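All values reported here derive from a predicted model rather than from experimental measurement. Below, chain A is the first sequence line, B the second, and so on; all start at residue 1.
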Amino acid sequence: MAKCLLIDGNSIINRAFYALPPLTNGAGLHTNAVYGFTTMLLRIIEEEKPTHLLVAFDAGKRTFRHEEYGDYKGGRSKTPSELSEQFPLLKELLQAMNVKQFEIEGYEADDIIGTLTKRADEEGIETIVVSGDKDMLQLASDRVRIALTRKGISETEMYDPAYIQEKYQLTPRQIIDLKGLMGDASDNIPGVPGVGEKTALKLLHQFGSVEGVLEHVEEIKGKMKETIKEHADSARMSKEIATIFREVPYDAGWDELAFEGFDTNGMRTMFQKLEFKSLLERLAIGGSDAASGGSEAAAIQVTTVDASTVASLVAALPDVRGAHVESIGENPHGAEVLGLALYADEERTYFAPMPFLASSEAAPLRSWLADANARKTIHDAHKAELALAWQGVELRGVAFDTILAAYLLDPTESSHALSDIAGKDGIAVPSDDDVFGKGAKFKLPEPEKIAEHLGRKARAVAELAERQRKKLAEHEMEPLMYELELPLSFVLARMELQGVKVDVDELKRYGVELTEALDKLVATIYEQAGTEFNLNSTKQLGEILFEKLGLPPVKKTKTGYSTDAEVLEKLAPYHEIVSNLLHYRTLSKLQSTYVEGLQKEVRATGKIHTYYRQTIAATGRLSSQFPNLQNIPIRTEEGRKLRKMFVPSEPGWRILAADYSQIELRVLAHISGDERMKEAFQNDMDIHTKTAMDVFGVSADAVDANMRRQAKAVNFGIVYGISDFGLSNNLGINRKDAAQFIEQYLDVFSGVRRFMDDIKKQARKDGYVTTLLNRRRYLPEIHASNFNIRSFAERTAMNTPIQGTAADIIKLAMVRLDDRMREAGVKSRMLLQVHDELVFEVPPEELETMRAMVRETMESALALDVPLKVEVSEGSNWYEAK
DNA sequence: ATCATCACG
DNA sequence: ACGTACGTGATGATA
């Protein structure tokens, strides 16, 4: 039995575009609409299993409808470029998939479909039309059903004449009359003003058609009679426009629409180009049947290693090309380790479960792991090294890391999980969530399943690494990988394993102090509010402030009143409760996040072991988790006291802190080449004062505190990718003044202006920007038609080379310092990195050596046109080292 | 899970 | 005209 599926290409791609969030691939192509279309297509093919298939598109700027009615589709805003650029992609994809498509100049997709359904009616061929457009219902018949999309595109609702009757009490043909009366704003079809769906249905139930209504117009009561009389022509014309044309000159036979399955190879290639990883996975999993014969996540033979099979594994070690260590959870410190998977070739894939890996029989395997000369390729060596170290297993000799490569190739990728990055390269690996379950559903599957999954990962690591090595070479990122990120990952692991000592008793004492202060504050606030409420609930607080106490709302969030510090500061003059609230916020933050939060992370050794993440920040910075040690308070004295709790782990040792002075502005001076700014740093001037002097055109003595403050704000703004709005907000001045201020700045620092212009141009041309060490960040949104989105991309284009180069520099310094400290054989240890600061613990006898070594290494990490300046300080704890 | 808030550079 | 400063992570409330 023939079954024909006709798809309204324009309608579906439009629905998909607006239903899905923006999505781009690495090359900056927007793909959300194509993705939505594809998932919809796959689903409906699966459900309906058609024998014939066609996707119809509109073609030509003007159709016959325009000739008859000039305003047709007038007033419709232009198709956004994010959508229009997806049409060619969709057409290319359909062709690659072996899906027939058709368009003909001067006609819309509806007309093509109308013509085909007419033939289907005549020849008795079962047909389903897929569209998001209700007009299509006019085509329904005994043979023809209409599948309309619902909820975006995630569902379809099937209409046959009976269902249309039930729902609207209309025949399919009457759908045209319906539209004639009610019109359609999206196509600029006028209909009769004031007549919506309700009225139109009532009229049609009574009089049957537009003509019927017009004939019996006198029987209509009230104002409606006059309106309809007045717009009779409009109704007739609207009906005409809404009628789908069913005589398109299209003479192909049904044979040409025969659908014999997708071309899975073509599909895979396009999915890779578009980076449809979930679809690639589906293709791989469902593709093992005869139809495809492509790459399936398929069969893998994994030998689970025990005492009896360990010999064969040891023999295979020299040939191992991919390794994977699986630990449970996000935090590798003290994590449960499932085991180690190794891939040499299809016959030699092994899984060594954790208890065995720790056993005496596994000693040769552990020696290999610890052998710096046995080169390994692994996914996330840093995490593996930490997880294994807590199990007493050493990992060295990592020569390639697929997670670092993936990060360097695209740092903005939302996930660098192996299954995701491999999937994008067409290597299907089931996701961990699929295998283990997620959140509360986490559950270890049977041992064979675990071995199989991890074996597959080890194999994927080997395959992926080969491709990544080539790409890194093409992008000239090899030094960045092999001389910076990879060695840094080992440095970080050692810092984290070392940990930082926390004075828990002192922390607890401080907590008691905070509790007392908080109790008092809470009592006062309840009294001032006249009621008790949950102070941590912004919702309740908003009601108290703006409804009960009648304070003027300053700004809103999408869920209600805003009560953030900025708002509260504005409200302070109105009511004395406000300053207490601000103080409460400060103290409760210190209590919950720091006093309580940090204590939870202190391990048996009295130390905190943070986990630096090397593949998170889009700019190349590190991030820190469990706990975050990069946001320990310093700006207020109350908070800063927390730094007293960070102490040396050995008696008599000292904390040494070294931070780069103005590293981002120095980087800017270098990469912009701005002479004035370079000169300022070459002469070691106070950059904010110097900026004030040049922008206001005054001498150094004439710069007052306010001028310096403003200049400082501009300098910050410059680093962030300045906008007048941002600066005006920050300085509390109006936007015009801010804009003028920026202009003045850019006139004086003309090299900076040139840099800002050039970097945006470059981003538009290449689609990405780079740092001095060739770290790359793609900015597909630089081409967005939406002002906000595009502006954001432009600011990012300006900021990333600056922030990223600063990150490159301190990373370089860390790798070199680690080397030099080892060469020098010092006992001192690097403990923390806070973006432009490094923290060490140092025995007293090494203080002078370390001061010099740290300063010298940091300052010479990268030679710029301006000197790098480092300030080193020391104390009995982190607070004192200021 | 997501939001609002706030800690850091 | 549009309406945000760049980059992170942790917490408590709420849906």
Asks: Under 4.0 Å, counting only non-hydrogen atoms across every strand here, what does A:A565 touch: a base, just sugar-phosphate, or nothing?
Replies: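 Since only primed, P, OP1 and OP2 atoms lie under 4.0 Å of A:A565, the category is sugar-phosphate.
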Asks: Ignoring the backbone of A:Y720, work out which of C:dT14, B:dT5, B:dG9 is nearest its side chain.
Replies: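 The listed nucleotide nearest to A:Y720's side chain is B:dG9.
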Asks: Of A:D724 and A:H835, whose nearest nucleotide on DNA chain C comes first from the 5' end?
Replies: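 Looking at DNA chain C, the more 5' nearest nucleotide goes with A:D724.
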Asks: Would you indicate which nucleotide in C:dT8, C:dA10, B:dG9 comes nearest to any side-chain atom of A:I616?
Replies: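 Taking heavy atoms from C-beta onward, the closest nucleotide is C:dT8.
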Asks: Please check the phosphate of C:dG9 (OP1 and OP2 only) for any side-chain N or O of A:S623 closer than 4.0 Å.
Replies: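 True: A:S623 side-chain N/O within range (under 4.0 Å) of C:dG9 OP1/OP2.
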Asks: Identify which nucleotide among C:dA10, B:dG9, B:dC6 has an atom closest to any side-chain atom of A:D836, counting heavy atoms from C-beta outward.
Replies: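 It is B:dG9.
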Asks: Please determine if A:K607 and A:E601 form a salt bridge, counting it only when a charged side-chain N lies under 4.0 Å from a carboxylate O.
Replies: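 No, no charged N to carboxylate O under 4.0 Å.
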Asks: State, to 0.1 Å, how close A:M858 and A:L838 come at their nearest heavy-atom pair, and which atoms those are.
Replies: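 Looking at all heavy atoms of both residues, the shortest contact is SD-CD1, 4.0 Å.
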Asks: Starting at the 5' end of DNA chain B, write a dot or bracket for each base, bracketing those in Watson-Crick or G-U wobble pairs whose two distances are under 3.5 Å and using | for partners on another strand.
Replies: |||||||||
Asks: Do the non-hydrogen side-chain atoms of A:P627 and A:L629 ever get within less than 4.5 Å of each other?
Replies: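 In contact.
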Asks: Looking at C:dG7, C:dA10, B:dC6, which one has an atom nearest to any side-chain atom of A:R621?
Replies: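 Within the option list, the nearest is C:dG7.
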Asks: Specify whether A:Y561 and A:F546 have parallel, tilted or perpendicular ring planes, treating 30° as the upper limit for parallel and 60° as the lower limit for perpendicular.
Replies: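 Answer is tilted, since the angle falls between 30° and 60°.
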Asks: Within the pair A:S588 and B:dT5, is there a side-chain N or O less than 4.0 Å away from OP1 or OP2?
Replies: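 Indeed not, no polar side-chain atom of A:S588 lies that close.
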Asks: Does one side chain, of A:T610 or A:Q625, offer a donor that lies under 3.5 Å from an acceptor on the other?
Replies: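 Result is no, nothing qualifies.
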Asks: Which listed nucleotide (C:dG12, B:dA1, C:dT8) is nearest to the side chain of A:N536?
Replies: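 Of the options given, the side chain of A:N536 lies nearest C:dG12.
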Asks: C:dT4 and B:dC3: how far apart are their P atoms, nearest whole angstrom?
Replies: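 After rounding to an integer number of Å, I get 15 Å for this pair.
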Asks: With no angle test and no hydrogens, is the base of C:dT4 tied to the side chain of A:S723 by a donor-acceptor pair under 3.5 Å?
Replies: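 Answer yes: a donor N or O sits under 3.5 Å from an acceptor.
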Asks: Heavy atoms under 4.0 Å, any strand shown: does A:S791 hit a base, just sugar-phosphate, or nothing?
Replies: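 If one applies the 4.0 Å heavy-atom cut-off, A:S791 turns out to touch nothing in the nucleic acid.
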Asks: Between B:dG9 and A:R635, is there an OP1 or OP2 to side-chain N/O distance shorter than 4.0 Å?
Replies: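 The answer is yes; a side-chain N or O of A:R635 sits under 4.0 Å from OP1 or OP2.
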Asks: Ignoring backbone atoms, establish whether A:N631 has a side-chain N or O less than 4.0 Å from OP1 or OP2 of C:dA10.
Replies: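 Result: no.
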Asks: Considering only side-chain heavy atoms of A:T557, which listed nucleotide, C:dG3, B:dT5, C:dA13, is closest?
Replies: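 For the A:T557 side chain, the nearest candidate turns out to be B:dT5.
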Asks: So does A:R777 reach the base of C:dG7 with its side chain, donor to acceptor, closer than 3.5 Å?
Replies: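 No pair found.
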Asks: Could you tell me if A:E82 and A:S785 have a donor-acceptor pair between their side chains, going purely by distance under 3.5 Å?
Replies: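 Yes, side-chain donor-acceptor contact under 3.5 Å.
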Asks: Measure from the side chain of A:T619, starting at C-beta and using heavy atoms only, and say which of C:dG7, C:dA10, C:dA5 lies closest.
Replies: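 Selected nucleotide (nearest to the side chain): C:dG7.
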Asks: Ignoring backbone atoms, establish whether A:K558 has a side-chain N or O less than 4.0 Å from OP1 or OP2 of B:dC3.
Replies: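 Yes.
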Asks: Where the side chain of A:K589 is concerned, which of C:dA5, C:dT14, C:dG9 is the nearest nucleotide?
Replies: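 Nucleotide nearest to A:K589's side chain: C:dG9.
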Asks: Look at the side chain of A:F787 and decide which nucleotide, out of C:dG3, B:dA7, C:dC6, has an atom nearest to it.
Replies: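 The nucleotide sitting nearest to the side chain is C:dG3.
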Asks: With no hydrogens and no angle check, do the side chains of A:S624 and A:Q630 hold a donor and an acceptor under 3.5 Å apart?
Replies: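 Note: A:S624 and A:Q630 side chains miss the donor-acceptor criterion.
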Asks: Does C:dC6 have OP1 or OP2 sitting under 4.0 Å from an N or O in the side chain of A:R795?
Replies: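 Answer yes for this pair, as a side-chain N or O of A:R795 is under 4.0 Å from OP1 or OP2.
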Asks: Quick check: any donor-acceptor pair below 3.5 Å linking the side-chain of A:R613 to the base of C:dT8?
Replies: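 Under the 3.5 Å cut-off, the side chain and the base do not form any donor-acceptor pair.
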Asks: Can a donor-acceptor pair be found, under 3.5 Å and without considering hydrogens, that links the side chain of A:D766 to the backbone of A:Y768?
Replies: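 Here the side-chain-to-backbone pair does not exist.
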Asks: Which whole number of Å gives the distance between the C1' atom of C:dG3 and that of B:dA7?
Replies: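 So the two C1' atoms sit 26 Å from each other.
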Asks: Between B:dC8 and A:Q630, counting only base atoms on the nucleotide and side-chain atoms on the residue, is there a donor-acceptor pair under 3.5 Å?
Replies: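 Between B:dC8 and A:Q630, which were checked side chain against base, a qualifying N/O pair under 3.5 Å is absent.
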Asks: Out of C:dG12, B:dG9, B:dA1, which has the shortest distance to the side chain of A:I634?
Replies: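 Within the option list, the nearest is B:dG9.
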